[in-house]
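Structure record follows, encoded as structure tokens.
Sequence lines set the chain letters: A, B, ... in the order given, protein chains first and strands last, and positions in each chain run from 1.
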Protein chains: 2
Amino acid sequence: MVDVTGNPLDPAPVEDSDPLAILPGYTLRRAANAMMAELGTLLGEVDLRVSEASILLLIDGRATMTSTQIGAALDIRSANMAPLVARLDARGLVARVPLDGKSLAVVLTDAGRRVLGEVRRITQDFERDLMRRIPTEHRDHFVPALNALWR
Amino acid sequence: MVDVTGNPLDPAPVEDSDPLAILPGYTLRRAANAMMAELGTLLGEVDLRVSEASILLLIDGRATMTSTQIGAALDIRSANMAPLVARLDARGLVARVPLDGKSLAVVLTDAGRRVLGEVRRITQDFERDLMRRIPTEHRDHFVPALNALWR
DNA sequence: TGTATTTGACTATATTCGATAGGTATGAAG
DNA sequence: CTTCATACCTATCGAATATAGTCAAATACA
């Protein structure tokens with residue numbers, strides 16, 4: 001198969017056993033699946049799923065973020081936010097405090113802040129290891145390229 | 001928040017509304033979700049899921065690939081391969097031909113080859129558009145960086 | 001002001017993907 | 001021939017994501 005990307009920086013031989021490995025979309029999917037599986041395992045240490053940990057990281061230091069706003073930031077539908085926040089609430093990691101008769105702010109509890117410390121440690125180690133696996137000449141291009149695909 | 005990646009090539013301002021956007025793992029997840037949702041929509045035209053289209057692309061021109069081998073190449077468990085191949089078989093896109101009393105080769109049928117033509121058109125357009133969305137200075141680094149994370 | 005519409009949180013439910021556990025029959029190896 | 005590994009499959013679970021729709025509160029506006 002021809003290298004349709006015409007990439008001059010990737011002289012690595014393409015194994016005939018996987019002709020899909022030169023496709024950007026395919027490599028994106030495989031890399032993301034591999035990394036998220038790894039992060040999921042690491043976050044098992046604090047019994048949190050990736051989306052739950054994302055919520056904790058996002059609301060830290062914010063007193064008035066509603067589940068709708070969190071969902072808008074993380075691209076999670078409000079219907080799917082409900083059970084996520086409910087679980088965090090049930091574990092005492094967040095509290096839902098009324099902003100008015102309708103809106104609820106999702107805020108960290110003291111226990112939530114303690115767990116968030118663990119989450120920060122786990123994710124920072126993970127992110128650092130992830131970047132280290134990328135060859136130095138490609139490293140600085142990684143986040144900008146990805147951001148162009150959704151930001 | 002500080003740019004912990006220390007990336008000299010990304011002067012883009014980080015929106016305070018999403019402090020996670022500087023995290024490589026997070027951007028990887030968001031980009032992959034966005035792209036796969038898009039590809040999924042495009043493949044709806046031929047009523048195929050991404051994993052099913054991957055199988056068709058992989059087995060083209062191969063006469064003796066078993067579902068186990070396909071699964072090994074695409075990182076799909078054999079338990080999950082079974083219903084995927086069964087659906088492709090039921091639609092007449094692939095046939096399962098015995099290699100011996102135990103192994104079955106999954107091969108394209110004529111109908112499968114026709115649909116594969118559509119799949120190639122869809123995926124090639126998709127991959128091209130994906131790469132075009134990445135700024136030129138980052139483009140050549142994209143696939144090599146991703147491949148370092150799982151290959 | 002009173003009515004209509006929109007919004008925020010939620011329930012119920014369906015689909016897709018990925019995983020484990022297990023079952024059955026064939027092929028290989030001693 | 002017996003034992004073990006292999007290939008395919010079913011059943012089932014967990015997580016993420018999707019839609020449809022409920023209900024009450026907030027808002028818009030005639």
Side-chain angles (χ1 to χ4, degrees), chain A residues 26 28-44 47-55 59 64-90 94-107 150, chain B residues 25-26 28-44 47-55 64-90 94-107 150:
Chain A
Y26 180 76
L28 176 59
R29 187 164 83 117
R30 290 294 298 266
N33 285 349
M35 291 300 97
M36 286 310 109
E38 200 169 306
L39 180 56
T41 300
L42 293 172
L43 286 172
D47 190 24
L48 286 176
R49 285 160 270 181
V50 174
S51 50
E52 293 169 338
S54 305
I55 292 173
I59 67 177
T64 62
M65 261 202 129
T66 66
S67 65
T68 297
Q69 291 172 322
I70 298 168
L74 300 181
D75 197 28
I76 303 175
R77 300 270 174 281
S78 77
N80 299 324
M81 282 298 304
L84 286 174
V85 173
R87 200 175 95 107
L88 293 173
D89 194 351
V94 304
R96 279 174 281 199
V97 316
L99 293 177
D100 56 36
K102 189 165 67 162
S103 298
L104 299 171
V106 181
V107 298
W150 67 276
Chain B
Y26 180 76
L28 176 59
R29 188 164 84 116
R30 290 295 296 265
N33 285 350
M35 291 300 97
M36 287 309 110
E38 199 169 307
L39 180 57
T41 300
L42 294 173
L43 285 173
D47 189 24
L48 286 175
R49 284 162 272 180
V50 174
S51 50
E52 292 169 338
S54 305
I55 292 172
T64 61
M65 259 202 130
T66 67
S67 65
T68 298
Q69 291 172 323
I70 297 168
L74 300 181
D75 197 27
I76 303 174
R77 299 269 175 276
S78 76
N80 298 325
M81 281 299 303
L84 286 174
V85 174
R87 200 175 96 105
L88 294 173
D89 194 350
V94 305
R96 280 175 279 200
V97 316
L99 293 177
D100 56 38
K102 188 165 68 162
S103 298
L104 299 171
V106 181
V107 297
W150 66 277

Heavy-atom closest pair (Thr64(B) atom, Ala105(B) atom, distance to 0.1 Å) is CA-CB, 3.9 Å

Heavy-atom contact window of chain A on DNA chain C, given 5' to 3' at under 4.0 Å: dT7(C) to dG18(C)

Toward the 5' end of DNA chain D, which comes first, Glu52(A) or Ala86(B), by nearest nucleotide? Ala86(B)

Sugar-phosphate atoms are those with a prime plus P, OP1 and OP2; base atoms are the rest. Using that split, label each nucleotide of nucleotides 17-23 of chain D B, S or - for protein heavy atoms under 4.0 Å, 5' to 3'. BBBB---

Using whole Å, report how far CE of Met81(B) lies from C1' of dT10(D). 16 Å

For Leu28(B) and Leu28(A): C-alpha separation, side-chain torsions, deciding distance, then whether side chain to side chain contact (heavy atoms under 4.5 Å, CB included) applies. CA-CA 8 Å; Leu28(B) 176 59; Leu28(A) 176 59; 3.8 Å; yes

For the student: nearest non-hydrogen atoms of Met65(A) and Gln69(A), plus distance: CA-OE1, 3.3 Å

Give me the atom names and distance for the closest heavy-atom approach of Leu43(B) to Ala53(B). CD1-CB, 3.7 Å

Sort out for me which residue in Val85(A), Leu84(A), Asp89(A) forms a side chain to side chain contact (heavy atoms under 4.5 Å, CB included) with Val106(A). Val85(A)

Considering non-hydrogen atoms only, spot the tightest contact between Ala34(A) and Trp150(B) and give its length. CB-CB, 4.1 Å

Please assess Thr66(A) against Lys102(A) for the test side chain to side chain contact (heavy atoms under 4.5 Å, CB included), listing each intermediate value before the final yes or no. CA-CA 10 Å; Thr66(A) 66; Lys102(A) 189 165 67 162; over 6 Å; no

Integer-rounded Å distance: dC13(D) C1' and Arg49(A) CZ: 13 Å

So which of Asn33(B), Leu39(B), Val50(B), Asp75(B) actually passes side chain to side chain contact (heavy atoms under 4.5 Å, CB included) with Arg29(A)? Val50(B)

CD1 of Ile55(A) versus C1' of dA15(D): gap in Å, rounded? 13 Å

Go through residues 96-104 of chain A and report each residue with a non-hydrogen atom lying under 4.0 Å from DNA chain C, sorted by number. Arg96(A), Lys102(A), Ser103(A), Leu104(A)

Correct closest heavy-atom pair for Ala79(A) and Pro83(A) would be O-CD, 3.3 Å

Please report the closest heavy-atom contact between Met81(A) and Ile70(A), naming both atoms and the distance. CE-CG2, 3.6 Å

Hey, could you give me the CD1/OG distance between Ile76(B) and Ser54(B), rounded to the nearest 0.5 Å? 6.5 Å

Integer-rounded Å distance: dC9(D) C1' and Ile70(B) CD1: 15 Å

